[in-house]
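Values below: all heavy atoms of this structure, side chains included; hydrogens, waters and symmetry mates excluded. Throughout, protein chains are lettered first and strands after them, A, B, ... in sequence-line order, and every chain is numbered starting at 1.
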There are 2 protein chains.
Amino acid sequence: MTSATPTDTVRRDRRHVRHEATKREILDAAWKMVGTDGLNGLSLRALARAVDMEPQSLYTYFSSKHAVYDHLFADGNRQLLTRIEGIAVSDDLSQVLRSMALLFVSFAGEDRARYELLFLRTIPDFEPSPESYAIATEVFAKGRSVLAGVGIGGDTDFDLWTAVVAGLSSQQVANAPGGDRYVRLIDDAVAMFAEYIIGRPAAIRATKA
Amino acid sequence: MTSATPTDTVRRDRRHVRHEATKREILDAAWKMVGTDGLNGLSLRALARAVDMEPQSLYTYFSSKHAVYDHLFADGNRQLLTRIEGIAVSDDLSQVLRSMALLFVSFAGEDRARYELLFLRTIPDFEPSPESYAIATEVFAKGRSVLAGVGIGGDTDFDLWTAVVAGLSSQQVANAPGGDRYVRLIDDAVAMFAEYIIGRPAAIRATKA
DNA sequence: GTCTATAAATGGATAGAC
DNA sequence: GTCTATCCATTTATAGAC
């Protein structure tokens with residue numbers, strides 16, 4: 001045991017703050033790079049160059065390239081979680097559905113690479129760490145609870161809803177990047193889904209809920 | 001000008017046939033590899049090993065890695081086109097929609113890498129050649145004409161439909177690979193869409209068609 | 001914490017012999 | 001058409017100076 005003076009503690013804190021700040025800087029640069037070069041186009045050399053470092057120095061902050069992806073994955077899910085938590089509480093089904101759909105489709109449309117990282121699994125061998133995955137689980141749970149709040153509680157209903165939103169999102173990302181071609185379909189999609197769900201008891205729907 | 005004897009022509013043909021057969025063999029191996037290692041995990045070295053060649057020899061058949069991807073892209077679209085052409089002609093809206101949805105969701109669920117290659121753009125810098133892209137355009141046109149045959153002719157209606165199908169497909173691929181969790185939702189999704197489209201004239205829908 | 005140096009593996013690609 | 005040889009970039013990782 002070495003005795004830690006108050007001064008030591010302060011130094012450690014400062015160092016830690018600095019360390020985290022640099023990490024943040026690297027991750028911001030990484031977001032920028034995957035945004036322009038594609039998620040799979042990220043290279044540690046280029047990343048190091050972008051933050052004015054030697055590639056080897058990145059290892060002080062991230063133990064591997066996958067670790068960088070893992071932090072981006074956590075980042076993206078945290079951003080999404082914050083937005084979901086900002087959804088106005090309401091018992092108006094259509095209004096909640098519209099907010100949620102707009103949130104997801106916008107989120108997807110804003111950053112193709114982020115969408116790819118969070119929702120498609122396109123990086124060979126990349127698996128988020130348990131800690132990062134926990135945030136993704138939280139996103140899912142939060143989204144599910146918002147939907148449950150307006151009566152969409154069944155597995156089938158929820159799956160159908162996520163399919164509708166995923167469809168608008170993936171089409172927006174793949175076929176209308178930067179535009180609003182599928183964002184403009186949200187009102188239609190919500191009306192379509194809501195009428196189907198409301199219009200009839202679960203028992204007579206094509207698939208049992 | 002050198003004079004070509006009939007024998008020369010036969011030799012050239014045989015060579016050509018052999019060349020195409022080897023090309024086919026390489027592409028089949030490539031499909032297998034992207035299926036297991038992911039679309040972005042394809043390596044020319046591993047591909048060469050799989051067909052018992054030196055990596056450099058692949059360049060006799062494909063001018064670059066992107067050229068391999070381009071042939072896979074054309075391959076996949078040809079497969080899809082064949083299936084669409086096999087859709088039974090009918091004027092029953094629900095039946096046609098069900099067939100189309102099942103076709104696409106199954107196609108996606110069967111081969112994740114193929115879906116990624118054809119519908120998401122996850123390979124940095126890869127752009128299909130005009131010849132390959134033409135096949136994709138044919139797929140789109142064929143799909144659109146089948147839908148138009150049952151009255152889904154407007155841009156908005158068609159976009160909403162493709163979003164629904166893309167949603168089921170991408171959820172199936174990403175969240176239920178090998179299963180049928182979203183395939184089972186097809187009847188629901190088709191009923192939802194059909195009722196919305198039939199139920200009311202275009203003018204009073206949320207977005208004008 | 002950052003650098004230089006260094007290593008070994010892998011990847012895409014080309015030139016030229018046979 | 002296939003090979004050997006070769007090139008250059010990238011990735012991952014370690015050791016050690018400052």
Rounded to the Å, how far apart are B:Tyr59 OH and D:dT6 C1'? 14 Å
Pairing of A:Lys32 and A:Asp28 as salt bridge, 4.0 angstrom limit: no
What is the distance, to the nearest angstrom, from the CZ atom on B:Arg49 to the C1' atom on C:dG11? 11 Å
Does C:dC3 have OP1 or OP2 under 4.0 Å away from a side-chain N or O of A:Ser57? yes
To the nearest Å, how far apart are A:Met53 CE and C:dT4 P? 13 Å
Rounded to whole angstrom units, what separation is found between the NE2 atom of A:His66 and the P atom of D:dT12? 8 Å
Any side-chain N or O of B:Ser43 less than 4.0 Å from the OP1 or OP2 oxygen of C:dG11? yes
Whole-Å distance between D:dC8 P and B:Leu44 CG? 20 Å
Tested for ring pair (Phe, Tyr, Trp, His ring centres under 6.0 Å) against B:Phe140, the lone hit among B:Tyr133, B:Phe158, B:Phe119 is B:Phe158
Assess whether one donor atom and one acceptor atom, taken from the side chain of A:Gln56 and the base of C:dT6, lie less than 3.5 Å apart. yes
Between A:Arg45 and D:dT10, is there a contact of a side-chain N or O with OP1 or OP2 at under 4.0 Å? yes
By nearest heavy atom, map B:Tyr61 and A:Gly41 onto DNA chain D; which one lands nearer the 5' end? B:Tyr61
Taking CD from A:Glu25 and C1' from C:dT2, how many angstroms apart are they, rounded to a whole number? 14 Å
Find the distance A:Lys65:NZ to D:dA13:P and express it as a whole number of Å. 12 Å
Between B:His19 and A:Ser64, which residue's closest nucleotide on DNA chain D lies nearer the 5′ terminus? B:His19
